[in-house]
Amino acid sequence: MIVAGIGCKRGAGAPDIEAAIRAALARAGIALEALDVIATIEPKHDEAGIEAAAAKLGVAVVVVANAALKIAGERTATRSARVLALTGVPSVAEAAALAAAGPSARLLGPRLAIGAATCALAASAAASGAAP
């Protein structure tokens, strides 16, 4: 499973979110068709830009529960003191991707920012070729 974790400014548009996802996939050498789901945090559950980008890309949006987000936050590669103070995790995009992809998931690179959105990709153990 390939998960795109999304963090964004309030009101971020679908073009920025989609561009961040496409750029992260390109950097990782992964085809758009391999994307399984977009993940984000509870405070972003109603962001129209995330929903619109997901609809255009043909994937569902998963809202990660705060408890799962905090556990996954311990495995992020990027650490932002500002984001940690606001959300309780050092990187929203990375933590959301890791949490949605499962406990043995791995990041496919650090988060990438495009405009008002950030995207990080995570792969579940099965997708990354590792044993579950």
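Numbering starts at 1 and runs along the sequence shown. Remember, it's a predicted structure, so these values are computed and weren't measured experimentally.
- For Arg75 (side chain) and Leu107 (main-chain N/O), no donor-acceptor pair under 3.5 Å exists by modelled atom type.
- Nearest approach of Ala101 to Ala122, heavy atoms of both residues: CB-CB, 4.1 Å.
- Tracing side-chain contacts under 4.5 Å through hydrophobic residues (I, L, V, M, F, W, Y), one reaches Leu108 starting from Ile21; they form part of the same cluster.
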Enumerate, atom names and distances included, each donor-acceptor pair closer than 3.5 Å involving a side-chain atom of residues 48-56, sequence neighbours excluded.
{"unit_1": "Lys56", "atom_1": "NZ", "unit_2": "Glu18", "atom_2": "OE1", "d": "3.2"}

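- There is a path of hydrophobic side-chain contacts, each under 4.5 Å, that joins Leu32 to Val61.
- Listed here is the closest heavy atom pair of Ile2 and Ile30: CD1-CD1, 4.3 Å.
- Proximity of a side-chain donor or acceptor of Thr118 to a complementary backbone N or O of Gly7 within less than 3.5 Å is detected.
- Of the possible polar contacts, none joining the Asp16 side chain to the Ala117 backbone as a donor-acceptor pair under 3.5 Å is found.
- With Ile41 as the partner, the side-chain contact (heavy atoms from CB on, under 4.5 Å) test is satisfied by one option alone out of Leu69, Val63, Ile6: Leu69.
- The two residues Arg22 and Leu57 make their nearest non-hydrogen contact at NH2-CD2, 3.8 Å.
- Leu112 and Leu25 sit in two unconnected hydrophobic clusters of ILVMFWY residues. Membership requires side-chain heavy atoms under 4.5 Å apart, directly or through other members.
- Shortest non-hydrogen contact noted between Cys119 and Ala4 is SG-CB, 3.9 Å.
- Under the 4.5 Å side-chain contact rule for hydrophobic residues, Leu121 and Val59 share a cluster.
- The shortest non-hydrogen separation linking Lys9 to Glu47 is O-OE1, 4.2 Å.
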### Query
What do the steps show when you test Arg111 against Thr76 for side chain to side chain contact (heavy atoms under 4.5 Å, CB included), and what is the final call?
CA-CA 9 Å; Arg111 68 173 173 77; Thr76 63; over 6 Å; no
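- Across all their heavy atoms, Glu74 and Arg79 have their closest contact at O-NH2, 4.2 Å.
- For Ala39, the side chain to side chain contact (heavy atoms under 4.5 Å, CB included) partners two or more places apart in sequence, or in a different chain, are Val3, Val64, Ala96, Ala100.
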